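This structure is a prediction, so every number in the text was calculated from the model and none was measured.
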Amino acid sequence: MLLSSFAVSPARGFHSTLSARITLHDEDHTCSVFVLYALPPSVIVDRHELVDHGIEFELWGESNLELPVFAVSQTNTSLLLSARPLVPHLNEVLVEVPIHARYGVPLRGSMPRRLIEIPPPTCIRACPQSPMTVDVSTSEPPLNQSAMLRPYSHFLVSQFHAVPAAKLDVPVGSLDDLPLVEAGTVVVVLAAFLWLVYRSWMCSSKLQSRHFIDKRG
């Protein structure tokens, strides 16, 4: 197995797609290929979105999609995907995963940004029996908790250290804007409070007028 390309597109913004292209050389077609991602806490994977894309997967990690990065556990999320060739018996697999970025820690400066590094995936070839290749395999699954790997008895794990990490460039809040935001929040809350007081006074005045008219009638 050879990871021929790994990228994130678009490379800027909160919503992107990870693409990993894997070339298979003289593969045993009785085996299956899986891709294992170790995603940093800044990256969100929506399990419902994966289901909508028809992706067979298992996911271990933070499940709350709304929290900012500083409010979640600083451990990686593990994502195991079943990878199938683009065409049956074609020796190439393209794996695309929709991802999203969490809101990051605010920084100083005008329009600050941060880079999220996403390491290349680990590729796993899983076979129901010892594969008919010269590659060294193991009978120990790389993930003991995986139900997808349970039917297989032999595994070949390939890690592509030569492939660079993908980098996602996302904007973050600016601490320089904090005084303006705080002042604006106070003004908006005060204006809303005064509007509620005014509307309450108007309603009370109308009710008193009607009550006075009813008593005179």
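Contact detail for Gly13 and Arg113: the closest heavy-atom pair is N-NH2, 4.3 Å. Across all their heavy atoms, Pro40 and Pro119 have their closest contact at CD-CD, 4.5 Å. Taking each heavy atom of Pro112 and Gly173 in turn, the nearest pair found is CG-O, 3.5 Å. Between Val69 and Val72, the shortest heavy-atom contact is O-CG2, 3.3 Å. Ser110 and Asp176 get closest at one heavy-atom pair: N-OD2, 4.4 Å. Val35 and Ala83 make their closest contact through CG2-CB, 4.1 Å (heavy atoms, listed as atom of the first residue, atom of the second, distance).
Linking Ile, Leu, Val, Met, Phe, Trp and Tyr whenever their side-chain heavy atoms come within less than 4.5 Å puts Val51 and Leu39 in one cluster. Both Ile55 and Phe6 sit in one connected hydrophobic cluster of ILVMFWY residues. Membership requires side-chain heavy atoms under 4.5 Å apart, directly or through other members.
Taking OG of Ser32 as the reference point, atom CE of Met148 lies at 9.0 Å (rounded to 0.5 Å). Interatomic distance, CG of Leu107 versus OG of Ser174, reported as 8.0 Å (0.5 Å rounding). Remark: Ile44 CD1 to Arg47 CZ distance equals 13.5 Å, nearest 0.5 Å. Taking CG of Leu18 as the reference point, atom CD1 of Ile99 lies at 4.0 Å (rounded to 0.5 Å). Taking CZ of Arg199 as the reference point, atom CG of Leu194 lies at 14.0 Å (rounded to 0.5 Å).
Inter-residue side-chain proximity for Leu36 and Leu81 is flagged as unmet; no heavy-atom pair is nearer than 4.5 Å. Contact check for Leu50 versus Asp46: no side-chain heavy atoms found under the 4.5 Å cut-off.
Checked by atom type, the side-chain pair His53/Glu96 shows no donor-acceptor distance below 3.5 Å. Defined by atom type and a distance below 3.5 Å, a donor-acceptor pair is missing between the side-chain atoms of Tyr37 and Ser78. Residues Ser146 and Glu58 bring a donor and an acceptor atom of their side chains to less than 3.5 Å of each other.
Between Tyr103 and Phe70, the distance from one ring center to the other does not fall under 6.0 angstrom.
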